[in-house]
Amino acid sequence: MTQPTLIVNGDKDLMVPTVNSYNMHQKIENSKLIIYPNAAHGSLFQYADEFSKELIEFLGE
């Protein structure tokens, strides 16, 4: 796959183990991986400001 892909996860996510995000990132050629520290499944909400900036940048590419 080469579709630009944004992969976001927390390093303490129990619902979607973080290792899965690393695996996806390795398999998707044009992907960007963001792992938020001390964050669980709600990392997008725990890091809302940072995530919004990253998302806007990613969509602008």
Side-chain angles (χ1 to χ4, degrees):
M1 279 205 277
T2 59
Q3 179 68 33
T5 305
L6 181 61
I7 303 165
V8 181
N9 203 342
D11 68 348
K12 307 276 191 260
D13 193 335
L14 299 177
M15 293 180 70
V16 179
T18 309
V19 69
N20 292 349
S21 295
Y22 286 106
N23 290 337
M24 279 194 303
H25 179 56
Q26 288 176 343
K27 293 175 193 246
I28 301 173
E29 184 178 319
N30 198 14
S31 66
K32 178 175 182 174
L33 175 64
I34 302 170
I35 302 292
Y36 289 112
N38 300 311
H41 195 64
S43 63
L44 305 178
F45 304 108
Q46 291 173 268
Y47 287 86
D49 292 337
E50 293 89 339
F51 174 69
S52 348
K53 290 173 189 167
E54 290 281 357
L55 181 60
I56 289 168
E57 180 183 325
F58 179 79
L59 293 174
E61 293 177 359

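Note that the coordinates shown come from a computational prediction; the quantities given were computed from them, not determined experimentally. Note: hydrogens, waters and symmetry copies are ignored here, and every other heavy atom, side chains too, is used.
Residues passing the side chain to side chain donor-acceptor pair (under 3.5 Å) test with S31, sequence neighbours excluded: H25. Listed by chain and residue number, nothing satisfies the side chain to side chain donor-acceptor pair (under 3.5 Å) test with Q46 (two or more places apart in sequence, or in another chain). Annotation: salt bridge (Lys or Arg N to Asp or Glu O under 4.0 Å) contacts of E50 (sequence neighbours excluded): none. For F51, there are no ring pair (Phe, Tyr, Trp, His ring centres under 6.0 Å) partners, not counting sequence neighbours.
Residues G10 and S43 approach most closely at N-OG, 3.7 Å, considering heavy atoms. Across every non-hydrogen atom of Y47 and A39, the tightest pair is CE1-CB, 3.7 Å. In terms of heavy atoms, F58 sits closest to L6 at CZ-N, 3.5 Å.
Judged purely by atom type and a 3.5 angstrom limit, N30 has no side-chain atom pairing as donor or acceptor with the backbone of Q3.
Hydrophobic clustering keeps M15 apart from I7 (ILVMFWY residues linked when any side-chain heavy atoms are closer than 4.5 Å, directly or through intermediates).
In this structure, CG on L55 lies 13.0 Å from NZ on K53, to the nearest 0.5 angstrom. Note: L44 CG to E54 CD = 11.5 Å, rounded to the nearest 0.5 Å. Considering CE of M24 and OG1 of T5, their distance stands at 8.5 Å, rounded to 0.5 Å.
Listed by first then second residue, pairs satisfying side-chain hydrogen bond (donor to acceptor under 3.5 Å, both in side chains) with a partner in residues 13-24 read N9-S21, D13-H41, not counting sequence neighbours.
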